[in-house]
Amino acid sequence: RGLLERCLAAEAETERSRNVTIELRRKMDDSQAALHELGRENQSLQVDLARQTGRKWKDDSEVNNCQGCSSAFSLTNRKHHCRNCGSIFCNDCSSKQALMEGFKKPQRVCEGCFSELGTK
């Protein structure tokens, strides 16, 4: 009789261990999925950072025409820097504003940067 009780107790313990193992496997699978998602997000952020750190503010003296529509700059057609990419545009090609990191108010941006910033 004692042997039977020990056998039943061992079976119950085995079942508890099996349930714990199943729960731990589920948690491990969830953790691995989260880790992969974080890895993809990290890679995306690194690509964005590399693209943005390569941007330089264009020198006014080097640009005579709008980078968007190629219209010539003059006293009435003024130069405006896109605050995101640093290129120089006329008023029509840089009339949009977008919220940017590091600025409290929306900043003047070109059409391309407006589209890019709008997707973030």
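Note that the structure is a prediction, hence the values are computed from the model and not measured.
Applying the side-chain contact (heavy atoms from CB on, under 4.5 Å) criterion to Asp29, with sequence neighbours excluded, gives Gln32. Every residue was checked against the salt bridge (charged side-chain N to carboxylate O under 4.0 Å, His left out) condition with Glu11, not counting sequence neighbours, and none meets it. Checked against ring-ring contact (aromatic ring centres under 6.0 Å, His included), His80 has no partners two or more places apart in sequence or in another chain. In this structure, Arg78 has no salt bridge (charged side-chain N to carboxylate O under 4.0 Å, His left out) partners at least two apart in sequence or on a different chain. By the side-chain contact (heavy atoms from CB on, under 4.5 Å) test, Arg18 pairs with Thr14, Glu15, Ile22, sequence neighbours left out. Legend: residues meeting salt bridge (charged side-chain N to carboxylate O under 4.0 Å, His left out) with Glu13, ordered by chain and number and at least two apart, are Arg16. With sequence neighbours excluded, the residues satisfying side-chain contact (heavy atoms from CB on, under 4.5 Å) with Arg1 are Glu5. A search for side-chain contact (heavy atoms from CB on, under 4.5 Å) contacts involving Glu23 returns Arg26, Lys27, not counting sequence neighbours.
In this structure, Phe114 CZ and Cys93 SG are separated by 14.5 Å, a value rounded to the nearest 0.5 Å. Between the NE2 atom in His81 and the CD atom in Gln107 there is a gap of 13.5 Å [rounded to 0.5 Å]. To the nearest 0.5 Å, atoms CD (Gln67) and SG (Cys90) are separated by 10.5 Å.
Under a cut-off of 6.0 angstrom, the local environment of NZ in Lys79 is crowded, with over 12 non-hydrogen atoms contributed by other residues, nucleotides or ligands.
Across all non-hydrogen atoms, the minimal contact from Asn65 to Ser70 is ND2-O, 2.9 Å. When all heavy atoms are compared, the tightest approach of Cys113 to Asn84 is SG-ND2, 3.1 Å. Residue Val109 comes nearest to Cys82 through the heavy atom pair CA-SG, 3.6 Å, listed as atom of the first residue, atom of the second, then distance. Between Ser94 and Phe89 the shortest heavy-atom distance is CB-CB, 3.8 Å.
Within the structure, every pair that satisfies the salt bridge (Lys or Arg N to Asp or Glu O under 4.0 Å) test and touches residues 98-113, not counting sequence neighbours, is listed here: Lys96-Glu111.
Residue Leu4 shares its hydrophobic cluster (ILVMFWY side chains chained together at separations under 4.5 Å) with Leu8. Within the hydrophobic cluster formed by Ile, Leu, Val, Met, Phe, Trp and Tyr side chains joined at under 4.5 Å, directly or through other members, Leu24 is accompanied by Val20. Phe73 forms part of a hydrophobic cluster together with Val63, Ile88, judged by ILVMFWY side-chain heavy-atom separations under 4.5 Å.
With a 4.5 Å cut-off on side-chain heavy atoms, Asp92 and Cys69 do not count as touching. Counting only heavy atoms from C-beta outward, the side chains of Cys110 and Ser87 never approach each other to under 4.5 Å.
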